[in-house]
Chemist: 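Okay, here's the structure, questions in a sec.
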Amino acid sequence: MTSVRGYKGKVLRVNLTTKEAVDEPLNLEWARKYVGGMGLGARMLYHEIPKGTDPLSPENKAIIVTGPLTGTIAPACGKYALVTKSPLTGIFLDSFAGGYFGAELKYAGYDALIVEGKAENPSYVWIKDEKVKIEDAESLWGKDTHETEDALKEKYGKDISVLTIGPAGENLVRYALVNHEYYRQHGRGGAGAVFGSKNLKAVAVKGTGRVEVADPEGFVEAAKETTTRHLIEQPDSLFAISWKDQAGTPELSGWTNEVGALPTKNFQSGFFKEMGEKLGPEAVKKLRVRNRACIQCPMACSNFLKVEEGPYAGSMVEGPEYETLALLGSNCNLSDLPAVVALNLLCDRMGMDVISTGNTLAWAMECYEKGILSKEDLDGVELRWGDSEAMITMVNKIARREGIGDLLAEGVKRASEKIGKGSERFAMQVKGLELPAYEPRAAISMPLAYATADRGGCHLRSWPIGVEVWGTFWLDADPEKGEKNIPIETERWNPEGKAYIVYRQQHHYGLKFSSIMCDFALPPISDPIADLVARATGWDDIRDRRELERTSERIINMTRLFNVREGLRRKDDEALPWRIFNEPIQDGPTKGVQIKYKDFKKMLEEYYELRQWDENGIPKKEKLIELGMEDLAEEVERL
Amino acid sequence: MRMFVKIIKEKCTGCKLCQLACSMEKREVFWPEKALIKVNVDSKYAESVPAVCRQCKNPPCIIACKYDALYKDEETGRTLLDVEKCTGCRACVTACPFNGIYMDEDANKAMKCDVCNGEPKCVSWCYPGALILQTS
């Protein structure tokens with residue numbers, strides 16, 4: 001292979017230490033095996049950094065990776081990945097943002113950008129097509145994300161795309177994010193701190209080039225079909241939510257509350273009685289100015305809100321998304337939507353992940369309630385449930401690591417280990433990543449989903465709660481069992497067959513986030529994505545069910561290998577929050593529910609068996625060879 | 001008769017599918033830079049404004065062109081470009097008050113929307129309904 005359509009065939013490597021920027025060919029063999037985004041990013045990161053790399057050292061790298069559908073007309077395919085070793089979890093991290101940056105990078109001529117080393121002084125990278133400059137960012141250091149983006153757009157024009165960190169990233173807050181297009185974020189896992197550790201304030205790009213596909217006519221036809229059939233009309237989708245014409249992700253809050261899965265008061269309860277009226281989709285719609293889309297997306301699920309009156313009047317934000325409403329809202333017992341909007345905006349500007357921030361604040365509130373953290377410990381702040389002003393004070397302290405903010409900037413795992421006094425028991429994290437807005441006890445399969453997600457406590461590697469609670473859901477056809485995509489029937493609270501659902505869903509997400517398509521597109525089946533990849537690249541065989549399954553499985557094994565090399569084993573998968581197995585949910589439709597550890601253990605064992613990983617969770621050599629990962633199979637026995 | 005792509009800017013979400021569809025139709029690649037419609041985005045205030053030729057009744061671009069490269073299609077009222085005659089002088093681009101005609105810098109020629117002969121691809125890809133084919 002010398003070139004493949006869909007890709008630009010080039011990677012830009014920027015070394016901040018030596019101030020050099022070089023073009024390198026994209027490894028097309030890896031592209032063929034791992035597609036792009038999550039999979040290709042994992043393969044590149046595995047190659048780029050050695051085992052045991054300190055995530056905040058110059059040796060760590062930040063890799064921005066697109067996919068073969070980025071920059072084309074493929075619907076909902078504008079997202080792109082930022083891949084690095086996470087300073088929050090110490091394992092693999094891929095974090096996705098929408099907006100325009102990924103497409104712009106491809107129009108500039110690159111499939112991926114690798115940033116390595118550490119700049120002597122605050123710097124930013126400016127990419128105009130294939131001309132690359134490393135510029136001084138002294139005057140931008142200390143500015144928030146919006147001010148930084150304003151300054152760069154003022155200088156280079158409004159049509160550029162910008163990634164930037166805020167004070168949180170500069171101060172190495174372990175869940176600092178990388179911000180894009182004002183309201184888009186590489187939110188999870190602390191990529192912003194990786195930028196900060198490199199003295200990298202921003203990356204700006206403008207591209208004027210093109211993206212070609214192998215079969216233009218067929219590609220446009222398939223993109224149109226996918227758009228109308230799966231994104232707009234969804235005639236055969238079992239998704240209860242049609243994103244178009246509704247309130248986007250806030251629609252989820254009504255559903256999770258109804259089924260007792262909405263994190264409330266630091267995951268003490270799965271139900272928040274004020275959710276519907278005060279924080280639900282109708283409340284969001286009342287403040288909505290208009291809908292916004294990422295590039296390539298016909299759905300425009302994002303809400304641009306403006307608060308018109310009250311103490312937070314003037315606050316404008318794209319959001320809050322469901323996760324924000326839950327983690328900064330119900331999970332902190334806060335039912336004031338304008339306050340959530342203000343907090344969302346503050347987190348964006350400071351450059352902090354709203355999920356980890358909300359989760360960490362809720363943990364601190366519970367510590368305060370239980371007398372584990374006193375008013376003095378909290379620098380004189382009475383951190384009571386639902387006190388938005390106290391929360392705003394804390395966010396500012398965390399972003400600057402002032403006083404108690406220095407501890408909370410470490411995330412709940414490290415903070416609770418340091419404080420002790422039983423606070424570890426209600427630190428709601430998995431592998432260091434604070435849990436998102438799906439109460440793990442509300443579906444028997446969710447603990448397994450969190451335990452086996454490659455970046456830690458994440459709901460976007462599999463989402464079995466949808467299957468479990470709705471009782472029926474689409475799964476990709478199993479190539480061993482037949483050719484048709486099947487709606488799967490299941491029984492809530494029964495562990496039987498749940499490992500299989502997690503296992504198969506991970507394959508779907510692996511392919512989706514490598515191609516790259518947004519989570520909100522399509523019923524959860526992979527064939528239309530594979531068809532678009534095939535028409536973009538000319539790799540027709542990827543449509544074949546067995547080949548597709550093999551590609552997806554290869555991607556999942558690749559991220560696992562990265563983590564195994566870092567020392568991750570079964571005991572780490574089993575280390576779930578104490579609360580899940582030892583405390584029942586306190587209120588709402590799931591009141592009294594707790595998960596039995598033996599059920600979880602049985603599902604985990606079944607999962608390893610399905611994966612053909614050994615009893616310690618390490619992929620077997622034969623499995624890797626079967627998946628075409630011969631280059632890594634030899635190594636696995638030495639990890 | 002006047003046939004043109006009408007813009008309802010309040011409905012634009014900034015997805016730029018119109019630019020992608022346009023460049024594929026005209027160039028067989030995805031190349032927003034060469035699209036004959038542009039979406040100018042100001043994300044901070046959630047504003048995005050498409051710009052495309054309005055096929056004006058009395059087009060300033062035609063008046064500005066000294067080489068007769070621009071002319072009216074009698075039947076549909078579209079303003080069309082004869083690329084052969086275009087010298088790349090930019091007079092039309094300067095004259096247009098609506099940012100509706102562009103320079104193809106590589107070819108050193110003007111480029112503009114011809115409403116895809118009545119079936120504009122940008123309109124068929126505009127799901128929020130910000131672009132409408134208007135015939136009056």
Side-chain angles (χ1 to χ4, degrees), chain A residues 5 70-76 78 99-100 103-104 106-107 146 149-150 153 158-159 161-162 180-184 206-213 216-217 219-220 223-224 227-228 231-232 244 288-306 316-318 536, chain B residues 7-52 99 102-108 111 116 119-132:
Chain A
R5 298 286 169 91
T70 317
T72 72
I73 207 162
Y100 304 105
E104 205 67 38
K106 261 178 106 171
Y107 301 142
H146 285 203
E149 185 157 349
D150 281 346
K153 286 191 165 167
K158 280 216 163 118
D159 59 345
S161 274
V162 178
H180 166 48
E181 207 65 25
Y182 297 98
Y183 310 107
R184 307 283 163 152
K206 176 63 199 167
T208 61
R210 65 183 104 176
V211 175
E212 295 178 49
V213 290
E217 205 177 310
F219 187 87
V220 173
K224 192 82 189 173
T227 303
T228 51
L231 274 68
I232 302 297
K244 195 177 165 284
R288 180 164 72 189
V289 179
R290 60 174 67 93
N291 284 105
R292 293 282 294 155
C294 298
I295 190 167
Q296 300 172 237
C297 188
M299 291 187 291
C301 73
S302 180
N303 302 301
F304 187 81
L305 265 55
K306 187 174 183 188
M316 289 182 285
V317 79
E318 248 186 85
Chain B
I7 294 165
I8 303 165
K9 70 171 184 171
E10 294 74 22
K11 290 194 174 180
C12 179
T13 61
C15 72
K16 303 194 181 185
L17 281 169
C18 54
Q19 285 185 254
L20 294 161
C22 178
S23 60
M24 177 47 84
E25 175 68 13
K26 301 298 182 193
R27 310 246 177 180
E28 290 217 331
V29 291
F30 299 111
W31 200 355
E33 188 72 15
K34 303 288 185 194
L36 308 176
I37 179 167
K38 306 278 177 204
V39 182
N40 299 298
V41 175
D42 186 347
S43 292
K44 191 173 186 182
Y45 302 101
E47 279 167 8
S48 39
V49 184
V52 65
N99 191 24
Y102 312 106
M103 274 302 286
D104 179 346
E105 302 291 351
D106 300 321
N108 194 35
M111 54 181 190
C116 294
E119 288 178 22
K121 294 293 175 289
C122 55
V123 172
S124 74
W125 277 91
C126 185
Y127 289 90
L131 303 174
I132 293 168

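Chain identifiers are assigned alphabetically (A, B, ...) following the order of the sequence lines, protein sequences preceding nucleic acid strands; residue numbering begins at 1 within each chain. Not measured: the values here are computed from a predicted model.
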Chemist: Looking at SG of B:Cys12 and CG of A:Asn291, how far apart are the two atoms once the value is rounded to the nearest 0.5 Å?
Modeler: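 Answer rounded to 0.5 Å: 12.0 Å.
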Chemist: For A:Val211, is it the side chain, the backbone, both, or neither that has a heavy atom closer than 4.5 Å to a heavy atom of chain B?
Modeler: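 Interface part for A:Val211: both.
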Chemist: Would you mind checking which part of A:Ala223 comes under 4.5 Å of any heavy atom in chain B, side chain (CB onward), backbone (N, CA, C, O), both or neither?
Modeler: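 It is both, since atoms from each part get that close.
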Chemist: Any side-chain heavy atom of B:Met24 within less than 4.5 Å of one from A:Phe219?
Modeler: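 The answer is no, as the side chains (C-beta and beyond) never meet within the 4.5 Å cut-off.
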Chemist: Got a second to check how far A:Tyr182's OH is from B:Asp42's CG, nearest 0.5 Å?
Modeler: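 Taking OH in A:Tyr182 and CG in B:Asp42, the distance rounds to 6.5 Å.
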Chemist: Say you draw a straight line from CZ of A:Arg290 to OH of B:Tyr45; how long is it, rounded to the nearest 0.5 Å?
Modeler: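 So the CZ of A:Arg290 and the OH of B:Tyr45 are separated by 13.0 Å.
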Chemist: Below 4.5 Å from any heavy atom of chain A, which atoms of B:Glu47 appear? Answer side chain, backbone, both or neither.
Modeler: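 Backbone plus side chain of B:Glu47, per the 4.5 Å heavy-atom cut-off to chain A.
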Chemist: In this structure, are over 12 heavy atoms from other groups packed under 6.0 Å from B:Lys26 atom NZ?
Modeler: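 Yes, enclosed.
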Chemist: Which atom pair, heavy atoms only, marks the closest approach of A:Glu181 to B:Ser43?
Modeler: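 The answer is OE2-OG, 2.6 Å.
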Chemist: Counting heavy-atom pairs under 4.5 Å to chain B, which of A:Cys294, A:Ala103, A:Pro216, A:Gly209 comes out on top?
Modeler: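 The residue among A:Cys294, A:Ala103, A:Pro216, A:Gly209 with the greatest pair count is A:Gly209.
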Chemist: Taking the side chain as every heavy atom from C-beta outward, state whether A:Arg210 and B:Glu28 have any pair of such atoms under 4.5 Å apart.
Modeler: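 Answer no - side chains too far apart.
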Chemist: Quick check: do A:Met299 and B:Tyr127 have side-chain heavy atoms less than 4.5 Å from each other?
Modeler: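 Contact flag for A:Met299/B:Tyr127 side chains = no.
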Chemist: Could you grab the distance from atom OG1 of A:Thr208 to atom NZ of B:Lys34, nearest 0.5 Å is fine?
Modeler: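 A:Thr208 atom OG1 to B:Lys34 atom NZ measures 7.5 Å (nearest 0.5 Å).
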Chemist: So which heavy atom on A:Ala300 is nearest to which on B:Thr13, and how close?
Modeler: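 That would be CB-CG2, 3.6 Å.
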Chemist: Can you say whether B:Ser23 sits under 4.5 Å from chain A via the side chain, the backbone, both, or neither, judging by heavy atoms?
Modeler: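 Neither part; nothing is under 4.5 Å.
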Chemist: Shortest non-hydrogen contact from A:Tyr183 to B:Lys44?
Modeler: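 Of all heavy-atom pairs spanning A:Tyr183 and B:Lys44, the closest is OH-O, 2.7 Å.
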Chemist: Compare all side-chain heavy atoms of B:Phe30 with those of A:Glu212 and state whether any distance is below 4.5 angstrom.
Modeler: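 No, every pair of side-chain atoms sits at 4.5 Å or beyond.
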Chemist: Among A:Val289, A:Asp159, A:Thr227, which residue forms the greatest number of heavy-atom pairs with chain B at distances under 4.5 Å?
Modeler: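 Going by pairs under 4.5 Å, I would pick A:Thr227.
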Chemist: Sort out for me which of B:Asn40, B:Val39, B:Val41 touches chain A most, counting heavy-atom pairs under 4.5 Å.
Modeler: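 The residue among B:Asn40, B:Val39, B:Val41 with the greatest pair count is B:Val41.
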Chemist: A:Arg292 versus chain B, heavy atoms under 4.5 Å apart: side chain, backbone, both or neither?
Modeler: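 Contact with chain B involves both backbone and side-chain atoms of A:Arg292.
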Chemist: Answer yes or no: is there a side-chain heavy-atom contact under 4.5 Å between B:Leu20 and A:Thr72?
Modeler: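 The answer is no; the side chains never approach within 4.5 Å.
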Chemist: So for B:Glu10, is it side chain, backbone, both, or neither that comes closer than 4.5 Å to the heavy atoms of chain A?
Modeler: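 Contact with chain A is through the backbone of B:Glu10 alone.
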Chemist: What are the two closest non-hydrogen atoms of B:Cys15 and A:Ala293, and how far apart are they?
Modeler: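 What the structure gives for the nearest pair is CB-CB, 3.8 Å.
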Chemist: Please indicate whether B:Glu105 has more than 12 foreign heavy atoms, meaning atoms of other residues, nucleotides or ligands, lying under 6.0 Å from its CD.
Modeler: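 Result for CD/B:Glu105: enclosed.
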Chemist: So for A:Lys224, is it side chain, backbone, both, or neither that comes closer than 4.5 Å to the heavy atoms of chain B?
Modeler: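 When you check distances to chain B, atoms from both the backbone and side chain of A:Lys224 fall under 4.5 Å.
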